[in-house]
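Both backbone and side-chain heavy atoms feed into the values below; hydrogens, waters and symmetry mates do not. Here is the naming used below: chain letters follow the sequence lines, and residue numbers restart at 1 for every chain.
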Number of protein chains: 2
Amino acid sequence: MVATRERRRQETTDAILRSARTHLERAGVEGVTLRAVARDLDIAVSALYRYVDGRDDLLTELLVEAFTEHADAVDAAVDASLATDPDDLAAAVTAGLRAYRGWSVAHPAQFGLAFGAPVPGYHAPADRTVAVAVRPGSRIMGLFATAYERGLVDEDVVTARASTLDDGTAAGFDALAARQSYPLPAPAIALAVDAFVRVHGFTVMEVFGQLRPLVMPADAYYEALLREIVATLGLRA
Amino acid sequence: MVATRERRRQETTDAILRSARTHLERAGVEGVTLRAVARDLDIAVSALYRYVDGRDDLLTELLVEAFTEHADAVDAAVDASLATDPDDLAAAVTAGLRAYRGWSVAHPAQFGLAFGAPVPGYHAPADRTVAVAVRPGSRIMGLFATAYERGLVDEDVVTARASTLDDGTAAGFDALAARQSYPLPAPAIALAVDAFVRVHGFTVMEVFGQLRPLVMPADAYYEALLREIVATLGLRA
DNA sequence: CTGTTGTGTGAACAGTGTTCTCGTGCCCGC
DNA sequence: GCGGGCACGAGAACACTGTTCACACAACAG
């Protein structure tokens with residue numbers, strides 16, 4: 001039976017990731033240590049190298065895990081909203097952006113690993129991270145795109161944004177729309193990027209503690225921000 | 001001559017900080033190592049402890065240095081704008097916020113140390129960092145406050161913001177205004193905080209690389225953002 | 001049953017921060 | 001001017017870290 005070997009291998013691999021994740025949550029990146037993981041599994045440090053390429057590889061695993069869970073949280077919120085009312089895209093966008101922050105404040109260590117300053121001495125391999133890191137933004141952009149197609153986006157807002165958009169940035173947005181095949185004109189993309197910057201910026205500031213001296217607690221403020229963002233997007237229910 | 005001893009001490013202290021700063025810029029936080037600094041100064045590692053309380057203390061020093069330089073850059077830009085036209089507060093705010101990002105992208109390592117995810121295993125002592133970390137925000141808020149006193153802030157914008165402000169957050173802003181003695185009502189504080197979140201959020205995303213897949217280059221986009229922020233603040237020239 | 005392959009061990013090496021003991025040279029006060 | 005004291009520096013040691021290696025054992029395949 002070959003399955004037994006593979007199953008055991010998968011089990012210890014999972015245990016390694018679980019242990020590493022626990023240490024990440026409890027002590028930050030510095031706390032995820034091969035020796036600590038080995039102690040948890042009652043195993044020699046060198047044995048870990050049978051399952052993981054080293055500490056960097058372990059961190060990469062935690063990184064994609066964080067990105068994935070973050071994106072999953074956003075997707076779940078959007079899906080739930082759409083299940084309640086498939087036509088209320090404003091509600092879906094709001095739900096997604098609310099979950100964007102919600103997961104982040106609930107998992108500060110993972111969020112810090114994913115979106116904080118690049119971990120010293122460790123460069124995340126782009127081929128494994130970019131695709132998943134972009135998921136939440138893509139989901140929101142997709143919602144906005146279908147709203148635009150359905151005529152739920154105020155054209156005045158879009159044209160107003162067009163007047164403040166320079167040619168270079170517009171060209172970049174057009175390229176982005178073509179690359180991801182979003183049926184959106186550059187000014188609409190700009191609106192979405194504006195919104196995303198505000199949401200991500202707020203989240204970063206809150207999780208990293210830069211918001212604490214300004215606004216506390218932040219829940220009500222963020223809800224107001226969400227309402228204003230939906231309005232700024234020109235989204236009609 | 002007692003000055004000789006103190007002078008020499010100050011010199012080596014400066015050399016230590018200079019070396020640490022160089023390593024920070026070249027290799028990130030992980031690169032600033034007591035042994036590397038000792039090698040630079042041609043000194044034993046243990047000798048460093050005569051000047052620095054340990055690596056954490058060294059990082060704290062670099063941290064307050066980063067905060068200070070960042071705030072100095074903002075102040076210099078604001079001062080230069082005010083020297084050109086003391087009455088154009090919108091220009092002064094724009095200059096300050098432009099410098100806020102400018103210094104950050106020019107010094108990514110220091111910025112990451114100051115505003116990135118909390119460095120693993122190291123907690124910055126609040127008593128040494130909070131005061132200086134808050135300087136740029138205070139400066140901008142001060143400009144906005146004098147503009148408000150001079151009647152340069154559109155009252156309609158303020159009242160509009162008031163309608164989206166909940167009581168709890170408003171109370172927090174009032175407390176902030178009282179604590180810092182800003183002559184601003186809560187909705188005006190909210191406007192300034194909104195602006196600051198957008199500026200800092202954008203800067204963080206750019207320095208940490210999360211903006212790259214969306215908008216590149218970012219200069220023109222940021223300039224447009226500044227114009228819109230000034231408009232959203234209700235600031236008249 | 002034999003051999004290959006997967007798995008685990010322990011030692012070793014090169015780093016790191018931190019602490020200790022021990023000199024030694026210089027400044028300060030007498 | 002000249003000891004006494006103290007700041008400074010050196011080096012070893014300890015406890016960590018990641019990584020690699022040679023070796024041993026057990027499980028599976030033929």
Side-chain angles (χ1 to χ4, degrees), chain A residues 1-17 19-24 26-63 113 118-125, chain B residues 1-17 19-24 26-63 113 118-125:
Chain A
M1 185 91 164
V2 63
T4 232
R5 257 257 274 246
E6 288 182 15
R7 192 175 50 83
R8 265 196 57 80
R9 180 173 181 82
Q10 191 57 45
E11 278 174 6
T12 57
T13 304
D14 289 350
I16 289 173
L17 244 82
S19 164
R21 188 205 164 110
T22 302
H23 284 115
L24 172 66
R26 282 218 289 247
V29 193
E30 193 78 347
V32 37
T33 284
L34 292 186
R35 284 182 154 86
V37 172
R39 272 192 296 271
D40 284 357
L41 302 208
D42 237 321
I43 233 176
V45 200
S46 50
L48 291 176
Y49 282 80
R50 303 289 180 192
Y51 301 90
V52 165
D53 255 5
R55 198 180 100 107
D56 281 12
D57 185 48
L58 191 55
L59 288 184
T60 300
E61 229 61 50
L62 292 176
L63 193 64
L113 179 63
V119 172
Y122 163 71
H123 261 52
Chain B
M1 185 89 160
V2 63
T4 269
R5 204 116 116 176
E6 287 183 16
R7 193 174 52 82
R8 264 195 59 78
R9 181 175 179 80
Q10 190 57 46
E11 279 174 5
T12 57
T13 304
D14 289 349
I16 289 173
L17 244 83
S19 164
R21 188 205 165 108
T22 303
H23 285 115
L24 172 66
R26 281 217 289 248
V29 193
E30 193 78 348
V32 35
T33 285
L34 292 186
R35 282 181 155 85
V37 172
R39 272 192 295 273
D40 285 357
L41 302 210
D42 235 323
I43 235 177
V45 200
S46 50
L48 290 177
Y49 282 79
R50 303 289 180 190
Y51 302 90
V52 167
D53 254 6
R55 198 180 101 108
D56 281 13
D57 186 49
L58 191 56
L59 288 183
T60 300
E61 229 62 49
L62 292 176
L63 193 64
L113 179 62
V119 171
Y122 162 71
H123 261 52

For this session: Rounded off to whole Å, could you give me the CD1-to-P distance for the B:I43 and C:dG25 pair?
Result: 16 Å

For this session: Calculate the interatomic distance between A:D57 atom CG and D:dT20 atom C1'; express it in whole Å.
Result: 17 Å

Exercise. Separation of A:E11 atom CD from C:dT7 atom P, in whole Å?
Worked result: 12 Å

For this session: Report yes if the side chains of B:H23 and B:D40 come closer than 4.5 Å at any heavy-atom pair, otherwise no.
Result: yes

Exercise. Phosphate oxygens OP1/OP2 of C:dT7: is one of them under 4.0 Å from a side-chain N or O of A:R8?
Worked result: no

Exercise. Hey, is the main chain of B:A15 close enough, under 3.5 Å, to the side chain of B:S19 for a donor-acceptor pair?
Worked result: no

Exercise. Atom CG of A:L58 and atom C1' of D:dT17: how far apart are they, to the nearest Å?
Worked result: 14 Å

Exercise. Atom CG of B:L48 and atom C1' of D:dC8: how far apart are they, to the nearest Å?
Worked result: 12 Å

Problem set entry | Nearest atoms (heavy-atom pairs only) where A:L62 meets A:L17 | CD2-O, 4.2 Å

For this session: For B:D14, check side-chain hydrogen bond (donor to acceptor under 3.5 Å, both in side chains) against everything at least two apart and list the hits.
Result: B:Q10

For this session: Measure from CZ on B:R9 to P on C:dG25 and round the result to the nearest Å.
Result: 20 Å

Problem set entry | Sequence-distant partners of A:R9, side chain to side chain contact (heavy atoms under 4.5 Å, CB included), two or more places apart | A:T13, A:Y51

Problem set entry | Nearest heavy-atom neighbours spanning A:L24 and A:L113 | CD2-CD2, 4.0 Å

Seminar exercise, completed: Nucleotide by nucleotide, nucleotides 13-24 of chain C touches protein heavy atoms under 4.0 Å in the pattern (B base, S sugar-phosphate only, - none) ---BBBBB----

